[in-house]
Number of protein chains: 2
Amino acid sequence: MMDTTTLSALAEPNRLHIVELLREGPLTVGVIADRLRLRQPQASKHLRVLLEAGIVELQAVANRRIYKLRPEPFKELDDWLDSYRRGWNERFDDLDSYLSELQQE
Amino acid sequence: MMDTTTLSALAEPNRLHIVELLREGPLTVGVIADRLRLRQPQASKHLRVLLEAGIVELQAVANRRIYKLRPEPFKELDDWLDSYRRGWNERFDDLDSYLSELQQE
DNA sequence: AAAGAATATTCCTGTCAAGGAATACTCTTT
DNA sequence: AAAGAGTATTCCTTGACAGGAATATTCTTT
């Protein structure tokens, strides 16, 4: 089953923004905060959540922390979606057959 | 950008369970509640959230409400992931070049 | 019409997560 | 050594959300 920590980490708008920003490459906390108009502490906090969810990893360079995306959680999401790709073409609903089942009670 | 209502709807474990259950076909509220060992009211509440997020749709048959998955949100998720598929093969990190940028300040 | 089944809604309570403000920590520069 | 830049952490307050219990609503059966 899909891991809900990944989902809830991404469900927060600011964190989703961070992820979208990092899609273009690794960035420093300060830069992230600037670009998204966040105060630095909030940026750090959100990054911490993303870090603990494994969505992001960090590399320390002197004073700065450079954050970048990790591919794994996205692959997981992708794999999870796989079990739905089948269904969404042939329609999820096999409604008619379910209605028949109901009749038989 | 990805819609966070989809993500937060799926981020709740019981709701994710419901979605996984519905993957196999449409189901009645009572059945969902039974299978997931939820009390009926909580099942209804979670289904309401999924409904408002457009993850699920419902068809009334007499007394019962049959819920089934809608493909759209999953497609959206899939499309969104697309912008990451590129990156996660070539590595997200173009770390070296970013480090060079930092030098130039 | 009354009783019962299936589902939705309301009210209450407790928990948790997010933002603000202040501060601590670490590394660099002078 | 002192000052400053970059980042993390803590404390506080507030709002959102999930579960429990009770009740309302709608349809069916007798």
Side-chain angles (χ1 to χ4, degrees), chain A residues 3-19 21-22 25-68 95 98-99 101-105, chain B residues 3-19 21-22 26-53 55-68 95 98-99 101-105:
Chain A
D3 185 11
T4 59
T5 64
T6 300
L7 291 171
S8 51
L10 295 175
E12 207 284 328
N14 289 314
R15 284 197 292 266
L16 188 55
H17 283 134
I18 292 179
V19 168
L21 190 54
L22 289 180
L27 285 179
T28 281
V29 175
V31 174
I32 294 172
D34 280 358
R35 298 253 180 104
L36 302 186
R37 310 217 173 163
L38 294 174
R39 302 172 199 278
Q40 175 269 316
Q42 329 300 331
S44 286
K45 287 183 208 170
H46 284 306
L47 283 164
R48 187 183 223 279
V49 175
L50 291 172
L51 186 69
E52 283 168 353
I55 295 177
V56 120
E57 64 187 332
L58 94 85
Q59 171 164 347
V61 172
N63 244 356
R64 333 197 171 190
R65 306 293 148 102
I66 302 180
Y67 284 88
K68 61 186 181 190
L95 191 46
Y98 188 64
L99 286 177
E101 285 180 31
L102 282 181
Q103 299 292 4
Q104 309 203 344
E105 293 170 15
Chain B
D3 187 11
T4 58
T5 64
T6 300
L7 291 170
S8 50
L10 295 175
E12 207 285 328
N14 288 314
R15 285 197 292 266
L16 189 56
H17 283 134
I18 292 180
V19 167
L21 190 54
L22 288 180
L27 285 180
T28 280
V29 176
V31 174
I32 294 173
D34 280 359
R35 298 254 180 104
L36 303 185
R37 311 216 172 164
L38 293 174
R39 301 171 200 280
Q40 175 269 316
Q42 330 299 333
S44 285
K45 289 182 208 169
H46 284 307
L47 284 165
R48 187 185 224 279
V49 175
L50 291 172
L51 186 68
E52 285 169 352
I55 294 176
V56 120
E57 65 187 331
L58 94 85
Q59 170 164 348
V61 173
N63 244 358
R64 334 197 170 190
R65 308 293 148 101
I66 303 179
Y67 285 87
K68 61 185 179 189
L95 191 47
Y98 188 66
L99 286 176
E101 286 179 30
L102 282 181
Q103 298 293 4
Q104 308 203 347
E105 294 168 15

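In what follows, every chain begins at residue 1, and chains take the letters A, B, ... in the order their sequences are listed.
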| message | Taking 4.0 Å as the cut-off, does a side-chain nitrogen or oxygen of B:Tyr67 come that near to OP1 or OP2 on C:dA8? | response | yes
| request: Could you tell me whether the phosphate oxygens of C:dT26, OP1 or OP2, come under 4.0 Å of any side-chain nitrogen or oxygen in A:Arg64? | output: no
Please report the distance, rounded to the nearest Å, between [atom1] in [X] and [atom2] in [N].
X: B:Arg39; N: C:dA6; atom1: CZ; atom2: P; value: 18 Å
X: A:Gln40; N: C:dA24; atom1: CD; atom2: P; value: 15 Å
X: B:Glu52; N: C:dA8; atom1: CD; atom2: C1'; value: 12 Å
X: A:Arg48; N: C:dC25; atom1: CZ; atom2: P; value: 15 Å
X: A:Leu58; N: D:dG6; atom1: CG; atom2: C1'; value: 13 Å
X: B:Arg65; N: D:dT28; atom1: CZ; atom2: P; value: 11 Å
X: B:Leu50; N: C:dA8; atom1: CG; atom2: C1'; value: 15 Å
X: B:Gln59; N: C:dA6; atom1: CD; atom2: P; value: 18 Å

Inter-residue atom distance [X].[atom1] - [Y].[atom2], 0.5 Å rounding:
X: B:Leu21; Y: B:Leu27; atom1: CG; atom2: CG; value: 5.0 Å
X: A:Ile32; Y: A:Gln42; atom1: CD1; atom2: CD; value: 14.0 Å
X: B:Asn14; Y: B:Arg37; atom1: CG; atom2: CZ; value: 13.0 Å

Using the side-chain heavy atoms of [X], tell me which of these nucleotides is nearest: [options].
X: B:Glu12; options: D:dA21, D:dA18, C:dT7; value: D:dA18
X: A:Asn63; options: C:dT7, D:dA8, D:dA5; value: D:dA5
X: A:Lys45; options: D:dG6, C:dT9, C:dG19; value: C:dG19
X: A:Ala62; options: D:dT9, C:dC27, D:dG19; value: C:dC27
X: B:His46; options: D:dG19, D:dC27, C:dA18; value: D:dG19

| Between B:Val29 and A:Gln42, which has a closest nucleotide on DNA chain C that is more 5'? | B:Val29
